[in-house]
Amino acid sequence: MKVLIIFNREPYDNTDVTWNGLRLAGQLLDTGNDVRLFLMNDSVDMARDICKPPEGYD
């Protein structure tokens with residue numbers, strides 16, 4: 001199955017929305033699916049090397 005997941009939220013916005021999407025993508029890959037991510041707006045920061053969790057983020 002081919003899956004496209006679209007992210008548009010910043011990586012660390014005090015919710016689990018982005019993290020849950022990434023976990024879903026990982027599980028889909030592990031089960032042999034073709035997964036593509038489309039990053040737009042603030043989510044583009046996930047692809048940058050400078051993207052680090054804020055101090056004290058769990």
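Only a predicted model underlies this, so the values are computations on that prediction, with no experimental measurement involved. Residues take their numbers from the sequence shown, with the count starting at 1.
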J.: Are Ile6 and Met40 packed together at the side-chain level, in the sense that at least one heavy-atom pair is separated by less than 4.5 angstrom?
T.: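 Touching, per the 4.5 Å side-chain cut-off.
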
J.: Looking at every heavy atom in both Leu4 and Leu37, which two are closest together, and how far apart are they?
T.: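 Looking at all heavy atoms of both residues, the closest pair is CD1-C, 4.4 Å.
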
J.: Same cluster or not: are Val35 and Leu24 linked, directly or through other Ile, Leu, Val, Met, Phe, Trp or Tyr residues, by side-chain heavy atoms under 4.5 angstrom apart?
T.: yes

J.: Which heavy atom in Ile5 sits nearest to a heavy atom in Val3, and how many Å separate them?
T.: CG1-CG1, 4.0 Å

J.: Does Leu28 belong to the same Ile/Leu/Val/Met/Phe/Trp/Tyr cluster as Phe38, with side-chain heavy atoms less than 4.5 Å apart forming each link?
T.: no

J.: Taking all non-hydrogen atoms of both residues into account, name the closest pair between Pro11 and Met46 and its distance.
T.: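 Heavy atoms of Pro11 and Met46 come nearest at CG-CG, 3.4 Å.
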
J.: Just by distance, do the side chain of Asn33 and the backbone of Leu29 share a donor-acceptor pair under 3.5 Å?
T.: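 Side chain of Asn33 to backbone of Leu29: no pair is present.
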
J.: Working to the nearest 0.5 angstrom, can you tell me the gap between Glu10 CD and Thr15 OG1?
T.: 8.5 Å

J.: Would you check, one step at a time, whether the test side-chain contact (heavy atoms from CB on, under 4.5 Å) holds for Met1 with Thr31?
T.: CA-CA 10 Å; Met1 173 173 47; Thr31 57; over 6 Å; no

J.: Of Val44, Asp42, Leu39, Asn41, which is the lone residue that meets side chain to side chain contact (heavy atoms under 4.5 Å, CB included) with Phe7?
T.: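 Output: one option passes, namely Leu39.
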
